[in-house]
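Numbering starts at 1 and runs along the sequence shown. As a basis for the values below, the full set of heavy atoms in this structure was taken, side chains included, without hydrogen atoms, waters or symmetry mates.
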Amino acid sequence: GTEKFKLAAQNYMKYEIQMINNGVMPFARMNSTTTDEEFQIAINNMMENTKDEDMHVQNVKKEQQAFANKNGLKIEEVKN
């Protein structure tokens, strides 16, 4: 259980780093000379880079729950 949970968390962090580098940073580099086309490309890249986020989150949650079950732990839901 521990290794699968660890791997899922590592994969999620790698995904987040990739998403920031490829999806967010292009916007940070924009300025007054950024063209509409460059802006649209950045939006498309952001959309492409975020499409797998839910899969990564669900995988971490699944492995976290398996780890908790194996070790007699209870995961509490966050109340907003």
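Between atom CD of residue Gln10 and atom CZ of residue Phe5 there is a gap of 11.0 Å, rounded to the nearest 0.5 Å. Distance check, rounded to the nearest 0.5 Å: OH of Tyr12 to NZ of Lys61 gives 10.0 Å. For the atom pair CD of Gln64 and CG of Asn69, the computed distance is 10.5 Å after rounding to the nearest 0.5 Å.
Clustering ILVMFWY residues whenever any of their side-chain heavy atoms sit less than 4.5 angstrom apart, transitively, puts Met47 in the very cluster that holds Phe39. A continuous path of Ile, Leu, Val, Met, Phe, Trp and Tyr side chains, each step under 4.5 Å between heavy atoms, connects Met13 with Val57, placing both in one hydrophobic cluster. Hydrophobic cluster membership is shared by Met19 and Ile43, with clusters built from Ile, Leu, Val, Met, Phe, Trp and Tyr side chains linked at under 4.5 angstrom. When the side chains of ILVMFWY residues are joined at heavy-atom separations under 4.5 Å, either directly or via intervening members, Ile41 and Val24 end up in two distinct hydrophobic clusters.
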### Message
With side chain to side chain contact (heavy atoms under 4.5 Å, CB included) as the criterion, how do Phe27 and Asn45 come out once you've worked through the C-alpha distance, each side chain's angles and the decisive distance to 0.1 Å?
### Response
CA-CA 10 Å; Phe27 290 100; Asn45 285 340; over 6 Å; no

### Message
Assess the residue pair Leu7 and Glu3 against the criterion (side chain to side chain contact (heavy atoms under 4.5 Å, CB included)); give the C-alpha distance rounded to whole Å, side-chain angles, the decisive distance to 0.1 Å, and a yes or no.
### Response
CA-CA 6 Å; Leu7 183 60; Glu3 285 303 312; over 6 Å; no

#### Entry: Intermediate values then yes/no, side chain to side chain contact (heavy atoms under 4.5 Å, CB included), His56 and Val60
CA-CA 6 Å; His56 286 284; Val60 170; 5.7 Å; no

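Nearest approach of Glu63 to Lys4, heavy atoms of both residues: OE1-CB, 3.2 Å. Closest approach of Gly23 to Met46, counting heavy atoms only: O-CE, 3.3 Å. Closest non-hydrogen pair, Thr50 versus Tyr15, comes out as CA-OH, 3.3 Å.
Counting only residues at least two apart or on different chains, the salt bridge (charged side-chain N to carboxylate O under 4.0 Å, His left out) pairs with a member in residues 44-55 are Glu48-Lys51.
The backbone N or O of Leu73 lies less than 3.5 Å from no partner atom in the side chain of Asn71, so there is not a single donor-acceptor pair. Checking side-chain atoms of Gln58 against main-chain N and O of Met55 turns up no donor-acceptor pair under 3.5 Å.
Counting only N and O atoms by type, the side chains of Gln40 and Asp36 include no donor and acceptor under 3.5 Å apart.
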